[in-house]
Amino acid sequence: MKSITRKQLEKFHKAYHENPMNKVIENAIYNNGIDEVCLNHSIIEENQPIFNIELPKAKAYDQKQSGRCWCYATINMIKYNVAQNMNVKVEDLDLSVAYLTFFDRLEKSNNVYENVITSEKFDFKYLKEEKLLSFGEGGQFIYARELIKKYGLMPAVYMKDSISSSRSNKLNLLFQEKIKSDCKKIIELKKEKTSMEKIRQEKEKMLEENYIFLSKILGEPISEFNLEYYDKDHKLIQCGKMTPLEFKERYLTIDLDDYVSLYHLPRYNRTLYHKYIRKYHGNVIGHSKVEYVCVTPEELAKCAIKQLKDGCPVPFICPTAKYWYRKDWILDTRIFNYQQVLDFTPMTKADEFDFYDVNPNHVMTFVGVHVVNRKPIRWKVENSWGTIKDMKQYMVMNQSYFEECVLEVIIHKKYLSKKIKEAFNREPEVIEVDEW
């Protein structure tokens, strides 16, 4: 194995100073930062917030210091339907994310316990490789869908955010420790050849402890509430006692089961028009495993435009680390000239996934698009970071970013092509290792 030598360093030093511009760039970046030096101003001018397909302005949600973007994106999708059925302005409707994500944590803990209970192996290497103990605050549309189906919905006034739900890092660490400690007990019981009946009794006790744990920190969810509100005609609506499931049945009239996941995932082990399902990922046991069909970026865009034309937002997943210009809230892969200024060859989308260089870490919602000659030019994106200080509810995503960075969109089945529908009718290939 060869290490870097002094002679090589002298060669590198000489090469660096042979080009005077290197020092100019060094000084500029040192004083202004990478993004400001690499900024392409013409791209800012190109991305004007003008859209010829656009949904009405809605209430701005703020996930604050938490990883609940996936749940807010789903709420941002369904709130137009709920507001219409309640006869309220969509900008006045506030649905409780704290309620749904309380049960998300409880369901995820049950999912982890079941992974360990039903696994034929329980050595530590296997647990790590298969990510059986994987547990976090993040999620996807399907998680929110199953929570809404099982637990219903409620206005946020009946379960507001606590300090710990909006600043969730400490809660995440403590709850994760509690769950993994429980998994250690389950593994020990399995090694002792304890009966499955006894193990399940222990699991129920653990879940009871988790409910109490979460209630102390997040507040205990109420089972019913007295619904009364003013509609957009200033009429007082009094519905009396109602459960969250009754609220959902009355006011959410779209069927969330009609929405599916389309992915553009050009990695070495994925095939176009092939259906996949992730083996261990999920929250609600038996219903929330992520299932999707791989398609092209052109098909993602085509389906999303159809859905927006019918007045329904489109949740999506993408990475946000590199090409997000926060001053003007623009997403565009051309916004920064990183490769030209720093002189390196960029990776393709497929290479980024194959070499694990990309992290699809944020879920947002498309609420508009600008189409010219039947082709999308830019997209209107609704975020869930509120509007405090320099935060904005809406941003512009250029089509270049859509093609390079958008991983998944949530689309109603009626907008799918025949080829994609046929793919969904096939048996899925199971992804054994929990990965994208």
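Keep in mind that this is a model prediction, so the values were computed, not measured.
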Anything under 3.5 Å between a donor and an acceptor, one on a side chain of residues 315-326, the other on a protein residue two or more places apart or in another chain? List them.
from : atom 1 : to   : atom 2 : distance (Å)
K322 : NZ     : D357 : OD2    : 3.2
Y323 : OH     : Q339 : NE2    : 3.3

Cationic N near anionic O, under 4.0 Å, [X] to [Y]:
| X | Y | result |
| --- | --- | --- |
| D257 | R145 | yes |
| R334 | D332 | yes |
| E299 | K419 | no |
| E197 | R200 | no |
| K349 | E403 | no |
| K203 | E114 | yes |
| R68 | D161 | yes |
| R270 | E429 | no |

Aromatic contact, [X] with [Y] (centres under 6.0 Å):
| X | Y | answer |
| --- | --- | --- |
| H370 | F51 | no |
| F424 | Y273 | no |
| W379 | F402 | yes |
| Y151 | Y99 | no |

Side-chain donor-acceptor pair present, [X], [Y], cut-off under 3.5 Å:
| X | Y | answer |
| --- | --- | --- |
| S66 | S166 | no |
| Q393 | K59 | no |
| E224 | T243 | no |
| S168 | E137 | yes |

Surrounding [atom1] of [X] (heavy atoms of other residues, nucleotides or ligands, distance under 6.0 Å), is the total greater than 12?
| X | atom1 | result |
| --- | --- | --- |
| E204 | CD | no |
| E177 | CD | no |
| K205 | NZ | no |

Are K306 and Y415 in a cation-pi setup, meaning NZ or CZ lies under 6.0 angstrom from the ring centre and within 45 degrees of the ring axis? no

I'd like to know whether Y211 forms a ring pair (Phe, Tyr, Trp, His ring centres under 6.0 Å) with F102, so could you lay out the CA-CA distance, the side-chain angles of the two residues, the decisive distance to 0.1 Å, and finally the verdict. CA-CA 9 Å; Y211 181 92; F102 176 100; 5.6 Å; yes

I'd like to know whether K275 forms a salt bridge (Lys or Arg N to Asp or Glu O under 4.0 Å) with E427, so could you lay out the CA-CA distance, the side-chain angles of the two residues, the decisive distance to 0.1 Å, and finally the verdict. CA-CA 7 Å; K275 186 165 74 168; E427 286 298 311; over 6 Å; no

Picking from V406, V290, V295, what satisfies side chain to side chain contact (heavy atoms under 4.5 Å, CB included) with Y263? V290

With side-chain hydrogen bond (donor to acceptor under 3.5 Å, both in side chains) as the test, pick out the partner of N283 among D104, N111, N110, T101. D104

Look up atom NZ in K108 and atom CZ in F175, then write down how far apart they are to the nearest 0.5 Å. 10.5 Å

